[in-house]
Amino acid sequence: MSNSAKLSTGGKDLEYPVLSGTVGPEVIDIRKLYGQTGQFTFDPGFTSTASCESAITYIDGDEGVLLHRGYPIGQLAEHSSFMETSYLLLNGELPSTSELADFTRTISRHTMLHEQLATFYRGFRRDAHPMAIMCGVVGALSAFYHDSTDISDPLHRKISSHRLIAKMPTIAAMAYKYSVGQPFMYPDNSLSYTGNFLRMTFGVPAEKYEVIPAVEKAMDRIFILHADHEQNASTSTVRLAGSSGANPFACIAAGIACLWGPAHGGANEAALNMLKEIGTPDKIPHYIARAKDKNDPFRLMGFGHRVYKNYDPRATVMQSTVREVFDALKVNDPLFETALELEHIALNDPYFIDKKLFPNVDFYSGIILSAIGFPTTMFTVLFALARTVGWVAQWNEMISDPNQKIGRPRQLYTGSTERDYVPLDKR
Ligand code: SDX
């Protein structure tokens with residue numbers, strides 16, 4: 001074998017092929033390991049495991065690189081739009097002018113929800129967390145769109161992909177409207193994808209809603225920054241659900257559920273709540289000490305990342321976007337100053353330097369979203385709205401992969417060995 005990894009175990013000397021991608025770490029192909037050795041690899045959290053082959057997103061954690069189909073996130077955030085980046089993630093190439101127009105028009109034709117779905121919201125308490133509503137309503141889509149759930153049919157896959165990308169803003173805006181007791185707003189397809197979402201969220205039937213261009217641009221950029229991120233926890237959840245043949249609506253609902261966790265997409269809500277708890281910069285040292293204390297479960301939310309061990313390029317763009325939104329809305333949130341001071345202190349503290357903990361995409365997003373007018377409970381909803389295109393692109397890639405099979409990890413069993421049942425009167 002030209003490029004291989006040698007393993008001696010159980011008295012055997014074995015070789016496994018080392019596979020190379022176009023860029024990034026090579027992989028050791030261990031698909032035959034269990035058959036040849038009767039042994040599993042052991043990798044809780046999959047810190048050293050490649051679960052699939054993919055051509056969509058590449059991350060270099062040491063260099064702070066994030067590419068979507070080869071294009072750096074900083075260039076997409078500066079020059080592209082969420083619709084164009086969505087087309088890129090789904091199709092692999094930047095669209096021509098006519099391709100982008102056709103795609104945008106197609107998406108706009110799916111923005112409305114089946115009218116009966118509105119009744120699902122009325123089954124929730126008004127104070128239900130919007131992510132609970134998202135899990136329920138998105139999962140319920142498969143009850144309404146039977147004509148696009150046959151995953152073996154490429155046309156079904158295409159229609160359900162477009163429906164999911166198009167309807168997430170409508171579903172998200174309705175979750176917000178329900179929580180504040182305002183009437184649902186229907187989509188207005190004369191607006192951009194993001195402008196339509198802002199109007200459905202903050203507009204009311206009683207008045208004309210004017211989209212503020214700087215806010216629309218900032219929101220669209222935030223959607224680009226959240227669109228996809230390789231095989232993160234929620235994307236892996238979507239792939240695992242999809243590997244059983246589950247319909248795409250159910251798979252995306254599973255991804256939403258996973259994203260909700262505070263260690264993942266829930267971190268933007270947790271980060272802003274943490275900044276509110278810290279309050280003023282003079283309180284920062286106390287919280288830094290808590291974050292270092294092994295006996296204290298407190299963590300600096302919005303800091304650290306499984307892959308990025310240098311900086312999260314999305315956080316850099318996010319930080320500059322804060323100023324743009326503050327200037328456009330003429331707001332000045334003292335929490336931003338606290339966030340900047342917290343970042344400065346943390347980045348100069350040996351503990352955080354040694355553990356390579358620095359702001360991730362979730363650290364600044366909450367400050368921007370709060371300035372635009374979203375309650376903290378909506379932050380992860382917005383993350384899910386944007387990440388839907390990444391989940392859908394990864395799901396389509398998995399379904400089309402000839403090597404794909406149902407995901408079924410094994411385990412290191414440490415429970416009881418076989419023993420006989422003991423009747424109740426003998427215990
Ligand atoms: C996202 O995977 C993705 O790509 C996710 C994401 C995407 O776009 O899909 O980028 C989105 O989820 C961003 C991350 C958002 N989460 C947070 O901000 C929550 C706070 N951060 C952490 O919980 C943590 O950093 C993780 C979950 C993000 C990463 O965890 P790892 O890689 O499993 O690292 P770890 O938990 O093993 O921590 C390594 C060490 C530990 O100390 P030791 O046990 O080695 O002594 O660093 C410490 C941790 O205690 N640590 C922190 C910390 N994060 C890690 N200490 C204080 N504050 C933190 N935030």
Side-chain angles (χ1 to χ4, degrees), residues 55-57 68-69 71 76 79-115 117 134 137-138 140-142 144-174 185-201 211 216-217 219-224 226-228 238 242 247-253 255-256 382 384-400:
I56 298 173
T57 291
H68 289 319
R69 302 287 191 177
Y71 296 97
L76 291 172
H79 302 299
S80 187
S81 67
F82 183 66
M83 278 291 97
E84 183 181 74
T85 299
S86 296
Y87 182 98
L88 173 66
L89 288 169
L90 290 170
N91 299 292
E93 297 295 337
L94 289 169
S96 65
T97 304
S98 62
E99 287 168 335
L100 180 57
D102 290 346
F103 177 72
T104 304
R105 190 180 309 109
T106 300
I107 294 296
S108 71
R109 289 286 186 280
H110 288 287
T111 50
M112 285 179 68
L113 271 190
H114 190 294
E115 192 64 12
L117 267 164
M134 296 299 285
V137 174
V138 173
L141 289 176
S142 49
F144 289 80
Y145 297 110
H146 302 104
D147 63 336
S148 63
T149 52
D150 174 0
I151 62 166
S152 64
D153 182 335
L155 186 58
H156 277 221
R157 294 203 298 269
K158 188 171 185 177
I159 295 172
S160 57
S161 300
H162 291 162
R163 277 177 163 150
L164 281 158
I165 294 164
K167 295 180 194 306
M168 285 298 274
T170 310
I171 294 168
M174 289 170 73
M185 295 286 283
Y186 287 112
D188 172 355
N189 292 337
S190 68
L191 299 171
S192 72
Y193 180 89
T194 302
N196 201 4
F197 169 64
L198 289 169
R199 178 182 167 278
M200 288 190 286
T201 304
V211 177
E216 180 182 25
K217 187 172 185 316
M219 195 75 241
D220 199 71
R221 186 185 306 152
I222 289 172
F223 287 161
I224 291 172
H226 288 81
D228 190 52
V238 171
N247 72 72
F249 304 105
C251 294
I252 299 307
I256 293 171
L382 300 175
L385 187 167
R387 185 53 59 86
T388 293
V389 65
W391 289 332
V392 160
Q394 298 267 355
W395 172 78
N396 276 295
E397 184 181 65
M398 179 207 65
I399 298 284
S400 314

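Atom set for the values below is all heavy atoms of this structure, side chains included, hydrogens, waters and symmetry mates excluded.
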Would you give the length of the straight line joining atom [atom1] of [X] to atom [atom2] of [Y], rounded to the nearest 0.5 angstrom?
X	Y	atom1	atom2	result
H79	I224	NE2	CD1	11.0 Å
R163	T149	CZ	OG1	9.5 Å
S152	R157	OG	CZ	7.5 Å
T85	L76	OG1	CG	4.5 Å
W395	N247	CH2	CG	8.0 Å
I256	C251	CD1	SG	11.5 Å

task = Output yes when K217 and D220 qualify as a salt bridge under the 4.0 Å nitrogen-oxygen rule, no when they do not.
result = no
Would you say [X] and [Y] make side-chain contact, with heavy atoms under 4.5 Å?
X	Y	result
D228	V389	no
F249	S148	yes
M200	M174	no
L90	I165	yes
I222	L382	no
I171	L385	no
V138	K167	no
Y145	I159	no

key: T194 and S192: side chain donor to acceptor below 3.5 Å   = no
ask   = Can you find a side-chain donor-acceptor pair between S81 and E84 that sits under 3.5 Å?
value = no
inquiry  = Tell me every residue that passes side chain to side chain donor-acceptor pair (under 3.5 Å) with H156, counting only those two or more places apart in sequence or in another chain.
reply    = none
task = Go through the structure and list residues passing ring-ring contact (aromatic ring centres under 6.0 Å, His included) with H110, not counting sequence neighbours.
result = none
key: By ring-ring contact (aromatic ring centres under 6.0 Å, His included) - contacts of Y87 (at least two apart)   = F103
inquiry  = Between Q394 and E397, does the side-chain contact (heavy atoms from CB on, under 4.5 Å) criterion hold? Intermediate values first, please.
reply    = CA-CA 5 Å; Q394 298 267 355; E397 184 181 65; 4.0 Å; yes
request  = State, to 0.1 Å, how close M134 and A172 come at their nearest heavy-atom pair, and which atoms those are.
outcome  = SD-CA, 3.9 Å
remark   = In T170, N196, N189, the residue satisfying side-chain hydrogen bond (donor to acceptor under 3.5 Å, both in side chains) with T111 is N189
